[in-house]
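A short worksheet on the structure shown next.
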Protein chains: 2
Amino acid sequence: MATRRLGTETAKTRYVLLDAAESLMRESGYAAVTSRRLAAQAGCKPQLVHYYFRTMDDLFIALFRRIADAIFARQAQALADPQPLGVLWELMSDPADVVLHHEFIALANHRKPLRAEIAAFGQQYRANQQEILARAVPAGSPVSPPALAVIGELVARGMVLERALGMDAGHAEAATAVAALLAALADTAPPR
Amino acid sequence: MATRRLGTETAKTRYVLLDAAESLMRESGYAAVTSRRLAAQAGCKPQLVHYYFRTMDDLFIALFRRIADAIFARQAQALADPQPLGVLWELMSDPADVVLHHEFIALANHRKPLRAEIAAFGQQYRANQQEILARAVPAGSPVSPPALAVIGELVARGMVLERALGMDAGHAEAATAVAALLAALADTAPPR
DNA sequence: GTCTATAATCAGATAGAC
DNA sequence: GTCTATCTGATTATAGAC
């Protein structure tokens, strides 16, 4: 019913459940995030999941928002940093974030309520990236800031995912080539 | 039991089930591929899925191999084509393939039997790409063939996935920049 | 405000019937 | 060789107890 009661957003157990969901999703994929496994990981009963989150979709949305907020905060840091490109590259190459985002996109593919949320995040994230790059890239750069954002992000994230599968042929050379494009990034170490 | 009987690999129903699985996976994600939904889509009973494929993992592996074989065949075509880079770019940008591969990677994240299969495919696929590029790229190219393979592939695939979410900021410029890297690709239209 | 008992449904898999 | 009846367990979700 619409009158069903739910736990408060500040409850400690709610945080623990979100932590468990994040961990499960990262390590075993979104399909492993079930009320039972979640409860087992968090040390509570499966029904509690539905007390704090009416549906599983609600839980995924809450988790996504928590992660998105953290990423936006790191982007804001990059904007304030004297070496914004290095911070940006680290953010794009963070394996934990990359794997989670990959899972959320797969999730969005068959959970309609999540699609809008994830798409909106992606657009804001990219817009922030492009703003950071527009300020940091020298005017005479051969590639425009918007293009740099797309290429840097996609290559960085893609290499993280490939590496997780044991693929790394051409990675070092690709990273060098992208770093060359990101001229100001030249003095920053390329990702491992 | 180990003695349990299975349907033959040439049975028509087996193909219909694989087709249904491919379609379901593309449109609704791997988690939607259950014996029940599969049967509904294929017009048969759920138990038949387990007659033709002992486990769901077996089904996913059979489907992956069928798709992988088709992709290797297209790579062979690219190698024989007078304009190999255009064929290669089309192959990398095929939305159907990109979405499916994305799903399989997510699946590999929590289905151990699939990991080895998908990783091996990825490595062979990349090696083929690099061979095609090594033959097609002029000797004086500023970026090495291995790096070109990584960058081209990751940018092409990434843009397909972003577009599916309604993101396209910077895509046109990124495609132009990658096309510039792929010097011989200059006369081929960039992807939409 | 916090949690539990319970319902209804769906999933994967197998032994056995045609 | 092809398919079905059926079992066991997991999953989401709700109404109601503390």
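Lettering of chains follows the sequences in order, A, B, ..., and the numbering in each one begins at 1.
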Would you tabulate the pairs of protein nitrogen or oxygen atoms and nucleotide nitrogen or oxygen atoms of nucleotides 16-18 of chain D closer than 3.5 angstrom?
{"from": "D:dA17", "atom 1": "N6", "to": "A:Arg5", "atom 2": "NH2", "distance (Å)": "2.6"}

Could you go through nucleotides 6-8 of chain D and list every protein N or O atom that sits under 3.5 Å from one of its N or O atoms, giving the distance for each pair?
none

Worked check of ring-ring contact (aromatic ring centres under 6.0 Å, His included) between B:Tyr52 and B:Tyr15: CA-CA 10 Å; B:Tyr52 286 106; B:Tyr15 280 96; over 10 Å; no
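Legend: residues meeting side-chain hydrogen bond (donor to acceptor under 3.5 Å, both in side chains) with B:Arg36, ordered by chain and number and at least two apart, are absent. For A:Asp81, the side-chain hydrogen bond (donor to acceptor under 3.5 Å, both in side chains) test picks out no residue, with sequence neighbours left out. For A:Glu173, the salt bridge (charged side-chain N to carboxylate O under 4.0 Å, His left out) criterion is met by no residue, not counting sequence neighbours. Partners of B:Arg26 under the salt bridge (charged side-chain N to carboxylate O under 4.0 Å, His left out) rule, at least two apart in sequence or in another chain, are B:Glu22. Checked against side-chain hydrogen bond (donor to acceptor under 3.5 Å, both in side chains), A:Asn128 has the following partners two or more places apart in sequence or in another chain: A:Gln75, A:Gln124. When the side chain to side chain contact (heavy atoms under 4.5 Å, CB included) test is applied to A:Ala119, the partners found at least two apart in sequence or on another chain are B:Leu165. The salt bridge (charged side-chain N to carboxylate O under 4.0 Å, His left out) search around B:Asp19 returns B:Arg66, not counting sequence neighbours.
Each side-chain hydrogen bond (donor to acceptor under 3.5 Å, both in side chains) pair with one or both residues in residues 103-117 of chain B, not counting sequence neighbours, appears once here: A:Glu103-B:Asn109, A:Asn109-B:Glu103, B:Asp57-B:Arg111, B:Arg65-B:Glu117. Sorted by first and then second residue, the side-chain hydrogen bond (donor to acceptor under 3.5 Å, both in side chains) pairs involving residues 41-51 of chain B (not counting sequence neighbours) are B:Ser23-B:Gln41.
Below 30°, between 30° and 60°, or above 60°: for A:His102 and B:His102 the angle between ring planes is between 30° and 60°, a tilted geometry.
Regarding B:Met56, its CE atom lies at a distance of 15 Å from the C1' atom of D:dA10, rounded to whole Å. In this entry the distance linking CG of A:Asp57 with C1' of D:dT12 reads 11 Å, nearest Å. Regarding A:His50, its NE2 atom lies at a distance of 16 Å from the P atom of C:dA5, rounded to whole Å. The distance between atom OH of A:Tyr52 and atom P of D:dT14, rounded to the nearest whole Å, is 18 Å. Regarding A:Leu48, its CG atom lies at a distance of 11 Å from the P atom of C:dA5, rounded to whole Å. Residue A:Leu59 contributes atom CG, which lies 11 Å from atom P of D:dA13 at whole-angstrom precision. Distance NZ (B:Lys45) to C1' (C:dA11): 17 Å, rounded to an integer number of Å.
Between A:Thr8 and C:dT2, a side-chain N or O to OP1/OP2 separation shorter than 4.0 Å is present. Remark: A:Arg54 is not in phosphate contact with D:dT12, judged by side-chain N or O atoms under 4.0 Å from OP1 or OP2. A close approach under 4.0 Å does occur between a side-chain nitrogen or oxygen of B:Arg36 and OP1 or OP2 of C:dA11. Contact annotation: A:Ser35 reaches the phosphate of D:dT12 (side-chain N/O to OP1 or OP2, under 4.0 Å). Contact annotation: A:Tyr51 does not reach the phosphate of C:dC3 (side-chain N/O to OP1 or OP2, under 4.0 Å).
Against DNA chain C, the stretch residues 11-30 of chain A makes heavy-atom approaches under 4.0 Å through A:Thr13.
Atom CG of B:Leu24 sits about 7.5 Å away from atom OG1 of B:Thr34, to the nearest 0.5 Å.
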